[in-house]
Number of protein chains: 2
Amino acid sequence: MTETAETFVQTAPNPHKVPAGGGNGRVAPLVEVDEPRRATAAEQARTILANETVGTLATLQSDGSPWASTIQYGLLDDGSPVILVSTLALHGRNIKADPRASIAVAGPVPKGHDAGDSGRVSLAGRFEEPTGAVREAAEAAFFKAVPSSEGYISWDDFDLYVMRVEQVRWVGGFGRMASAKPHEFAAAEIDPVAPQALYAVEHMNDDHADALVAMARAFTGFTDATEATALRADRYGMDLGVVTPRGKVSTRVEFLEPINEATGLRSATVELTKKAREILGDPASSGH
Amino acid sequence: MTETAETFVQTAPNPHKVPAGGGNGRVAPLVEVDEPRRATAAEQARTILANETVGTLATLQSDGSPWASTIQYGLLDDGSPVILVSTLALHGRNIKADPRASIAVAGPVPKGHDAGDSGRVSLAGRFEEPTGAVREAAEAAFFKAVPSSEGYISWDDFDLYVMRVEQVRWVGGFGRMASAKPHEFAAAEIDPVAPQALYAVEHMNDDHADALVAMARAFTGFTDATEATALRADRYGMDLGVVTPRGKVSTRVEFLEPINEATGLRSATVELTKKAREILGDPASSGH
């Protein structure tokens, strides 16, 4: 199995009630460093939603019990989900009777990774039938996500709904989770590098293990790092799994500046590696 | 885009309220044939569930509104889902307060296919905390699906639940959907060929288009078939998209007998092709 964040000790305290004798130890950085920038929960949620078109809808049945069903969705510019459901389907009738609903969307699970350590988002709120310009934007958003819907969007039993988002919960994986407020969610930016991030992580691990060790030594405070694995990459930096003689730990490096282009991961990692080697005073310092 | 069932006219009437001027025409078979055997909704649901470990849970928040969240699940021998949730997470607290819940699971979407035309299943019921032998079976089922859970199943904030299934809804894709009763679901068999079905469909289309045309002519009543595409394969047969001079249609062929082994698709299609060519009285009859 590929190493995931779980393999490494979290630097944040474990919130779970671990039985006596279990639990994680803790490996501290040797040098104090500034907290690296991380995407907010709102950014993480917007990014996961923007890169998928299939999710699960939770609606209420007539007896008040919940009903989960797979759906396709589009997104308005503020991240509000748009769905198209038939009243021939139970979820369509449920929304007509009670517009309260929730949508969960899971991001991609890298091959060999534990799905429990992967990104997902839950939204909850109320569905509204859009009118006027919002209806036009909602139709366009749904078409964009589900091109085949052109064939049935005008059928009389289909209703187009926009969710007014009231709750946002992001789970990034083991020990990485947070809620966002609706206005933060609406205003948050989508990470432009997300579609390239899995490839970048694999490429760094396959071909640039020495660069990762240099980054870990120069920037994370784990100056005794002997191995480093990229766990995740985003526009602000990379999560690293680091091995030291004192144990394993998960930590993070921040890029020199946030990336604003889909193709920016390559130059950001090259620049960060260069800077790390400058700091370490040894262009060949690689841990190998 | 790959051709999907939607490209072909359904032989079943379209249940949607199609606006005047729209809608599907209908191409009838030229020869009457027996209805080919299809997997039941219960079998389809059990098969989708058995081949995934990630789904979405719908629970009730304290105000009665629904909450959708991504989960991992295992399955008891009767298909009852087993989940492990923390009371640190909203869904864990929701179940403690109200055990009514629903789980949706989506099957794989073949590359280039519309997710709306792919298999998914929704279950609804009540979660119960298993005891005794059921608890042991539930732990084993969850371990099997989520091996990493060994690390946290005994933590004090985690609860293991088994869903007592009360509602089962299967959607196979456009125009293919049905409900099952809980006792049918519990008794249904998992299709052993499901993990190989996508590959088999691709292989038949890439390398055995002539065999598919022979099957269509010999068994479906569309004796004027000029092209045939495999859409889906299962232990009982294959769904075909057929082109005739009169139009396109989706239909089905049944294997000579149901397949009982994971590796059985190859010999079943070989046997059916042989039989088709015997019936057509021409081993070279291939439409090419």
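Here is the naming used below: chain letters follow the sequence lines, and residue numbers restart at 1 for every chain.
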Full working for side-chain contact (heavy atoms from CB on, under 4.5 Å) between A:Thr70 and B:Thr56: CA-CA 9 Å; A:Thr70 304; B:Thr56 301; over 6 Å; no
Does a sphere of radius 6.0 Å around CD in A:Glu150 hold more than 12 heavy atoms from other residues, nucleotides or ligands, not counting ones at 6.0 Å or beyond? no
Find the one option among A:Arg120, A:Gln72, A:Gln61, A:Arg126 whose heavy-atom pairs under 4.5 Å with chain B are most numerous. A:Gln72
What residue in B:Thr59, B:Val54, B:Val121 has the most heavy-atom pairs under 4.5 Å with chain A? B:Thr59
State, to 0.1 Å, how close A:Ala101 and B:Pro66 come at their nearest heavy-atom pair, and which atoms those are. CA-CG, 3.6 Å
Select all residues of residues 161-171 of chain A having any heavy atom within less than 4.5 Å of some heavy atom of chain B, and report them by number, or 'none'. A:Gln167, A:Arg169
Among the listed options A:Ser122, A:Gly116, A:Ala106, the residue most often paired with chain B at heavy-atom distances under 4.5 Å: A:Ser122
At a 4.5 Å cut-off on heavy atoms, which part of A:Ser118 comes close to chain B: side chain, backbone, both, or neither? neither
Heavy-atom nearest pair, A:Ser148 first then B:Phe174, reads OG-CZ, 4.4 Å
Contact summary for A:Ala58 and B:Trp67, nearest pair of heavy atoms: CB-C, 4.3 Å
Portion of B:Ser69 that has a non-hydrogen atom of chain A nearer than 4.5 angstrom: both
All heavy atoms of A:Ala68 vs all of B:Ile103, minimum pair found to be CB-C, 4.0 Å
Counterpart residues, side-chain hydrogen bond (donor to acceptor under 3.5 Å, both in side chains), relative to B:Asp191 (two or more places apart): none
